[in-house]
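Structure, as structure tokens:
The basis for the numbers below is simple: all heavy atoms, side chains too, and nothing from hydrogens, waters or symmetry mates.
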Amino acid sequence: QVQLVESGGGLVQPGGSLRLSCAASGFTLDDYAIGWFRQAPGKEREGVLCISSSNGRTYYVDSVKGRFTISRDNAKNTVDLQMNSLKPEDTAVYYCAASYGTSCPLRVSGMDYWGKGTLVTVSS
């Protein structure tokens with residue numbers, strides 16, 4: 001019933017761009033804070049950025065500031081992640097996750113629903 005589905009991953013050269021989308025079914029994304037997480041091989045899953053449910057305030061980790069942006073499209077019930085100036089170290093499986101309420105915990109344990117991920121590979 002409740003489902004999140006990521007799309008838009010793929011192979012891109014360093015310096016390139018990708019746009020990921022997170023689509024919800026069974027619930028309304030506008031009622032949730034939405035975070036993007038990523039997990040590279042051999043590393044822990046980490047929070048990258050988040051958008052709140054009430055005022056649309058966004059939060060970013062330092063490594064992606066100035067390169068990644070997050071936005072909502074309430075008409076489509078989606079949240080998008082625009083990634084620019086991609087680096088090889090951005091290579092990971094990217095997950096969207098939802099937390100009921102307004103806060104952006106950006107912690108794995110703080111999220112209520114998860115997508116199954118989409119692979120982003122940055123390589124020449």
Test of understanding: clusters of I, L, V, M, F, W, Y form through side-chain heavy atoms closer than 4.5 Å, transitively. Do [X] and [Y] belong to the same one?
X	Y	result
Tyr113	Ile51	yes
Trp114	Tyr94	no
Leu119	Leu11	no

side-chain contact (heavy atoms from CB on, under 4.5 Å) evaluation trace for Val120 with Leu20: CA-CA 9 Å; Val120 172; Leu20 307 183; 4.2 Å; yes
Side-chain (Ser52) to main-chain (Arg57) donor-acceptor, under 3.5 angstrom: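 Yes, because the side chain of Ser52 sits within donor-acceptor range (under 3.5 Å) of the backbone of Arg57.
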Thr91 side chain to Val122 backbone, donor-acceptor under 3.5 Å: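 Flag set: sc Thr91 to bb Val122 pair under 3.5 Å.
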Shortest non-hydrogen contact from [X] toward [Y]:
X	Y	result
Val12	Leu18	CG1-CD1, 4.0 Å
Ser103	Ala33	O-CB, 2.6 Å
Arg67	Ser85	NH1-O, 3.0 Å
Pro105	Met111	CG-SD, 3.7 Å

Neighbour count above 12 (heavy atom, 6.0 Å) for Arg19 CZ: yes
Glu89 CD: over 12 foreign heavy atoms closer than 6.0 Å: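 For Glu89, atom CD is crowded (more than 12 foreign heavy atoms under 6.0 Å).
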Ring centres under 6.0 angstrom apart (Tyr100, Phe27):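 No, the ring centres sit 6.0 Å or more apart.
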If we only count heavy atoms from C-beta on, is the [X] to [Y] side-chain gap below 4.5 Å?
X	Y	value
Val2	Asp112	no
Ile70	Tyr59	no
Tyr32	Ser99	no
Asn74	Leu29	no
Arg72	Ser53	yes
Phe68	Leu86	yes
Leu4	Tyr95	no

Chi angles and distances behind the side-chain contact (heavy atoms from CB on, under 4.5 Å) call for Asp90, Met83: CA-CA 10 Å; Asp90 294 318; Met83 303 185 294; over 6 Å; no
Steps toward side-chain contact (heavy atoms from CB on, under 4.5 Å) verdict (Val93, Phe37): CA-CA 8 Å; Val93 176; Phe37 294 71; over 6 Å; no
Nearest-0.5 Å distance that lies between atom CD in Gln39 and atom CD in Glu44: 8.5 Å
Atom pair CZ (Arg38) and OG (Ser63), whose distance is rounded to the nearest 0.5 Å: 5.0 Å
Test item: side-chain donor near acceptor, Gln82 and Asp80, under 3.5 Å: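 No, no side-chain donor-acceptor contact under 3.5 Å.
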Salt-bridge contact Glu6-Lys116 (side-chain N to carboxylate O under 4.0 Å): no
Candidate pair Leu81 and Leu49, rule side-chain contact (heavy atoms from CB on, under 4.5 Å), full reasoning: CA-CA 9 Å; Leu81 171 61; Leu49 71 176; 3.6 Å; yes
